[in-house]
Asker: 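What follows is a structure written as structure tokens; I'll ask about it next.
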Amino acid sequence: MVAATKSVSLKLDNEIRERLTHIAEVKKRTAHWLMREAIKQYVEREEQQEAFRQATIHSWEEYQRTGEHITGEEAIAWLETWGETSEQQAPKCHN
């Protein structure tokens, strides 16, 4: 199944257009392909950042509701064991 597409107009200043054309030539791609790829990557990155932001808000609200947490010292002690033969499990949350 092919996704539906719709044309969008985009104005670029001459310097950016020339740089884009140069990159397209070097990569043996079209400027159109590069712009689509750049926009796709930007949208994916923004979606990931928004998902992280929402998870952060949810975590803060959960902490406000329950008071459960781990201390910075507990987190550091756990992280310092990563990759070691004696790697520890994540510390349990507490009040």
Asker: Looking at Glu44, I want to see if its CD is surrounded by more than 12 non-hydrogen atoms of other residues, nucleotides or ligands under 6.0 Å.
Answerer: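 More than 12 within 6.0 Å, yes.
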
Asker: Could you check whether Arg36 makes a cation-pi contact with Trp33, meaning its NZ or CZ is under 6.0 Å from the centre of the six-membered ring and within 45° of the ring axis?
Answerer: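 No, cation not above the ring by the 6.0 Å, 45° rule.
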
Asker: Over all heavy atoms of both residues, which pair between Arg17 and Ala31 is shortest? Give the atoms and the distance, please.
Answerer: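 Heavy atoms of Arg17 and Ala31 come nearest at NH1-CB, 4.3 Å.
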
Asker: Could you measure the distance from the CZ atom of Arg19 to the CG atom of Asn14? Nearest 0.5 Å is fine.
Answerer: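 These two atoms lie 13.0 Å from each other.
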
Asker: Does a side-chain N-to-carboxylate-O contact under 4.0 Å join Arg65 and Glu61?
Answerer: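 Salt bridge: no.
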
Asker: Please round to the nearest 0.5 Å and tell me the distance separating atom SG of Cys93 and atom CD of Glu74.
Answerer: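 If I round to the nearest 0.5 Å, the distance is 9.0 Å.
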
Asker: Atom CD of Glu87 and atom OG1 of Thr81: how far apart are they, to the nearest 0.5 Å?
Answerer: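 Going from CD on Glu87 over to OG1 on Thr81, the span is 5.5 Å.
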
Asker: What verdict does the side chain to side chain contact (heavy atoms under 4.5 Å, CB included) test give for Lys40 and Val43, after you've listed the backbone C-alpha separation in whole Å, the side-chain angles of each residue and the deciding distance to 0.1 Å?
Answerer: CA-CA 5 Å; Lys40 177 181 157 242; Val43 169; over 6 Å; no

Asker: Would a single hydrophobic cluster contain both Leu12 and Ile39, if residues Ile, Leu, Val, Met, Phe, Trp and Tyr are joined by side-chain heavy-atom contacts under 4.5 Å?
Answerer: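 Different clusters.
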
Asker: Taking atom OG1 of Thr30 and atom CD of Glu37, what is their separation to the nearest 0.5 Å?
Answerer: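 Rounded to the nearest 0.5 Å, the OG1-CD separation comes out at 11.0 Å.
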
Asker: Can Gln54 and Glu50 be counted as having a side-chain donor-acceptor contact under 3.5 angstrom?
Answerer: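 Distance-only check passes for Gln54 and Glu50.
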
Asker: Can you find a pair of side-chain heavy atoms, one from Ile76 and one from Glu73, that are under 4.5 Å apart?
Answerer: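 Result no, sub-4.5 Å side-chain heavy-atom pair not found.
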
Asker: If we only count heavy atoms from C-beta on, is the Lys92 to Ile70 side-chain gap below 4.5 Å?
Answerer: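 Contact flag for Lys92/Ile70 side chains = no.
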
Asker: Can Ile23 be reached from Ile16 by stepping across I, L, V, M, F, W or Y side chains whose heavy atoms are under 4.5 Å apart?
Answerer: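 Linked within one cluster.
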
Asker: Give the minimum heavy-atom separation between Asn95 and Thr66, together with the two atoms involved.
Answerer: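 Asn95 and Thr66 have their closest heavy atoms at OD1-O, 3.3 Å.
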
Asker: Within the structure provided, determine whether Glu18 and Thr21 are in side-chain contact (heavy-atom separation under 4.5 Å).
Answerer: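 Side chain of Glu18 against side chain of Thr21, heavy atoms only: no contact under 4.5 Å found.
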
Asker: Could you list all the ring pair (Phe, Tyr, Trp, His ring centres under 6.0 Å) pairs where at least one residue sits in residues 64-84, not counting sequence neighbours?
Answerer: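 Sorted result for residues 64-84: His69-His94, Trp78-Trp82.
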
